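Below: the structure, in C-alpha cells.
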2 protein chains.
Amino acid sequence: MNRLDRVTDTAEGSATNRAYRRLRELIVAGDLKPGEKLKIDGLRKRLDTGASPIREALSLLTSDHLVERIDQRGFRAAEVSAANFNEILKLRCALEDQALRESIANYTEAWEEHVVLAHHRMLRAQNEKRDDFELLHKAFHMALLANANSPILLKFCSQLYDLNIRYRFLAGRALDYQQRDVRAEHAGILAAAIARDADTASERLLNHYKLTGAFLSGLLGSGTLG
Amino acid sequence: MNRLDRVTDTAEGSATNRAYRRLRELIVAGDLKPGEKLKIDGLRKRLDTGASPIREALSLLTSDHLVERIDQRGFRAAEVSAANFNEILKLRCALEDQALRESIANYTEAWEEHVVLAHHRMLRAQNEKRDDFELLHKAFHMALLANANSPILLKFCSQLYDLNIRYRFLAGRALDYQQRDVRAEHAGILAAAIARDADTASERLLNHYKLTGAFLSGLLGSGTLG
DNA sequence: ATTCAGTATTTTATCGATATTATCGCGGCA
DNA sequence: TGCCGCGATAATATCGATAAAATACTGAAT
C-alpha cells in the first residue's frame, strides 16, 4: 500500500487508528454482537488490513470497556446486561454532574460560544435527519463538560457515553427519540448552562439521562436485548 | 521459547501480559521517567522480548493513562504536573467516596472478612517492612471498595490509585509514610467500614488521601519533581 | 449412550523482515 | 548569521510466516 492509496482510504491516520475507529463503530452500533468472539482473521478480512493493527486496535478498545481480552484466548465484544447498563447510568450521572458543575464554575465566553455552536450543529443535523447527528450529539454533551479542565474526567465521561449509546443502538435506534421532546431538553440544558445556573443545568442534564435510562431499562427487563 | 522455559520465567502468562506488568512497574516506580520516549527497540532489549508484545502492552497502558500514544510517533511515558496530580486527587475522592458508600450499603459478612483479612496482610507486611507492602496496601483499599459491585467504578478507582502512587514514588518513597500514623488511619477506616458507618468511613478515607495529597502537592509546588 | 484420551484443526501469540514515516544534520542561499 | 530544504539515519508501523495454545473431533472402552 503506497502513499496515494492511503490518501484515498476511507479515513486518515495509521492502519491501527482506522481499525480502532471502525471496530468501535461496529461494536457500538451492534454489528458485532455482545459476547461475540472477535477472531483476528475474520476481522482482518472484514477491514482489509493486517493482523497487527487489528490486535492493537482491540487492545485499545479493552480500555474503553467495549472489548474483553482473555489471555491466550483472544478477544470478544463486551457483554451487555441490565446490571451493566444501570452501572453505566449511575456512574454517568455522578461524573457528568461533577464535570458540568466545574465546567460552569470555570465559565468563559469562549466556552459559552463553543457550547452554543455545538448545540446549533447538533440541531441542524437533527432537523435535516443527517446521519452525523449521533456524532454531533456526543460533541454537544462533551462540549458542556469540556470546561471542567479535567482531561481524565472528560475521558471517563466520553467512555461512558459510548457505552451508553451502545445500549441505545441495541434497543433500536428509532425507538427512543420519538417519544419525548428531546430538542426541548437539550435547549433547556444549554440555557441553564450559559445562564451559569449549575443546579438547574445539572438537574436537567441528569433528568435527560434518567429518562432515556428508564426507557431502556424497561426494554432490558423485558428481554428485548441479547 | 518452549513450554519449559515459559514456566521458569519470572512471571506467568503471555509475553504481552508480562511486558504489561513489567512496564507498568517501571513507569509507576519512576524508572521510566515522565515524558520519556519509550522506544520499542530499547524496551525490547530491556525486557528481552519481541516488538509485538511491547507494542501491545504499551497500547494497554494508554488506557491506564500511564502511557501516551502519538499516532505515527510512538509512545511516551505520561507527563506529570501539579494540575494532573490535583485532578487525580479530586477524582479519587469523588469516586472512592461513592464506591465506599455503596460497598458499605451492600454489606455482607463475606465482604467484612475480606476487608479484615486484607488489612491484616497489609499490616503484617508493613511491620516486617516487606517489599510487597505496596501491593497489599492497594489490595486493602480495593477490598474496601469491592463490595460496591460496580466493576467499571472499581477499575476507575484502581487506575487512579496507580496514577496517584506514581507521584508518591516520584516524590521519594521514604518521605511520606514516616510523618503520620498511617497505621492508625487505616485502622480507623477499617473500623468505621465494618461498623457500617458510611459517613465516618468516607470522611476518614478521604482525609487519608487529602493528607498525602497536601504533602505531595507541597513537593510538587516547590519543583521537586519532573 | 457417555466419557475419555489422543489427534486434527483452528486460532492466537509472537517473531523477523520490510516499508513507511519522522527526525536529525548538513550545506546552500537569502 | 539564520533559515529552508534535501539527504541520511533512526524509529515506527505493518506484513507474512511460524510456533504455541486452545478447541473440535474421532473412536474406542465402559
Side-chain angles (χ1 to χ4, degrees), chain A residues 1-24 26-27 32-33 35-63 66-78, chain B residues 1-24 26-27 32-33 35-63 66-78:
Chain A
M1 193 184 286
N2 64 33
R3 201 178 318 129
L4 281 174
D5 290 335
R6 278 280 167 85
V7 178
T8 53
D9 271 341
T10 42
E12 58 206 21
S14 59
T16 297
N17 259 3
R18 272 175 289 149
Y20 172 75
R21 285 194 300 266
R22 191 89 188 83
L23 284 171
R24 191 170 64 179
L26 288 172
I27 294 170
L32 293 170
K33 301 235 168 351
E36 179 176 345
K37 189 144 191 359
L38 303 176
K39 295 182 195 166
I40 306 291
D41 203 51
L43 297 174
R44 206 188 58 65
K45 282 164 189 156
R46 187 163 182 174
L47 305 199
D48 188 37
T49 183
S52 309
I54 298 280
R55 287 190 64 81
E56 214 157 307
L58 290 172
S59 289
L60 290 169
L61 284 164
T62 52
S63 42
L66 285 170
V67 166
E68 283 162 20
R69 172 206 191 81
I70 309 143
D71 199 50
Q72 235 106 22
R73 217 156 306 180
F75 302 86
R76 50 183 56 236
Chain B
M1 192 183 286
N2 64 34
R3 201 180 319 127
L4 281 174
D5 290 335
R6 276 284 166 83
V7 177
T8 53
D9 271 342
T10 43
E12 56 207 22
S14 59
T16 297
N17 260 1
R18 273 175 288 148
Y20 172 75
R21 285 195 299 266
R22 190 90 188 81
L23 284 171
R24 190 169 65 178
L26 289 172
I27 294 170
L32 294 170
K33 302 234 168 352
E36 180 177 344
K37 188 144 193 358
L38 303 176
K39 296 183 194 166
I40 306 291
D41 203 51
L43 296 174
R44 207 189 55 66
K45 283 165 189 157
R46 187 163 181 173
L47 304 199
D48 188 37
T49 184
S52 308
I54 298 280
R55 288 189 64 80
E56 215 158 305
L58 289 172
S59 289
L60 290 169
L61 284 164
T62 52
S63 42
L66 285 169
V67 166
E68 283 162 19
R69 173 206 191 81
I70 310 144
D71 200 49
Q72 235 105 23
R73 215 158 308 178
F75 302 86
R76 52 183 55 235

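Since the structure is predicted, the reported quantities are computational estimates derived from the model, not experimental observations. Letters A, B, ... mirror the listed sequences (proteins, then strands); counts begin at 1.
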Yes or no on side-chain contact (heavy atoms from CB on, under 4.5 Å) for Leu58(A) and Thr62(A), after CA distance, side-chain angles and deciding distance? CA-CA 6 Å; Leu58(A) 290 172; Thr62(A) 52; 5.9 Å; no

Axis-to-axis angle for the helix from dA1(C)-dT30(D) to dA30(C)-dT1(D), ends of five pairs each, to 10°, equals 30°

Shortest non-hydrogen pair, Ser59(B) vs Glu56(A), comes out as OG-CG, 3.1 Å

Close side-chain approach of Leu47(B) and Leu23(B), heavy atoms under 4.5 Å: yes

Examine dT12(C): is either OP1 or OP2 under 4.0 Å from a nitrogen or oxygen in the side chain of Ser14(B)? Give yes or no.
-> no

Looking only at heavy atoms, the pair that brings Ile54(B) and Gly50(B) closest together is CG1-O, 3.2 Å

Polar side-chain atom of Arg69(A) near backbone of Phe75(A) as donor-acceptor pair, under 3.5 Å:
no

Glu56(A) CD to dT12(C) C1', in whole Å, measures 16 Å

Tyr20(B) atom OH is separated from dA13(C) atom P, nearest whole Å, by 16 Å

Is any side-chain N or O of Thr49(B) closer than 4.0 Å to OP1 or OP2 of dT14(C)?
no

**Item:** side-chain contact (heavy atoms from CB on, under 4.5 Å) assessment of Leu32(A) paired with Arg46(A)
**Value:** CA-CA 12 Å; Leu32(A) 293 170; Arg46(A) 187 163 182 174; 3.7 Å; yes

Here the distance between atom C1' of dC15(C) and atom NZ of Lys45(B), to the nearest Å, is 16 Å

In whole angstroms, the gap separating P of dT14(C) from CZ of Arg44(B) amounts to 14 Å

Smallest heavy-atom separation, Ala51(B) atom then Ile40(B) atom, equals CB-CG2, 3.8 Å

Rounded to whole Å, CD of Glu36(A) lies from P of dT11(C) at a distance of 13 Å

Hey, is CZ on Arg44(A) packed in by over 12 heavy atoms from elsewhere, all under 6.0 Å?
yes

Atom CD1 of Ile54(A) and atom P of dT14(C) are separated, to the nearest Å, by 18 Å

Note: Thr49(A) and Ala15(A) closest approach over all heavy atoms is OG1-CB, 4.0 Å

Please produce a list of atom pairs where a protein N or O lies less than 3.5 Å from an N or O of nucleotides 8-12 of chain D.
residue	atom	partner	partner atom	Å
dA11(D)	OP1	Lys39(B)	NZ	3.2
dT12(D)	OP1	Lys37(B)	NZ	3.3
dT12(D)	OP2	Ile40(B)	N	3.4

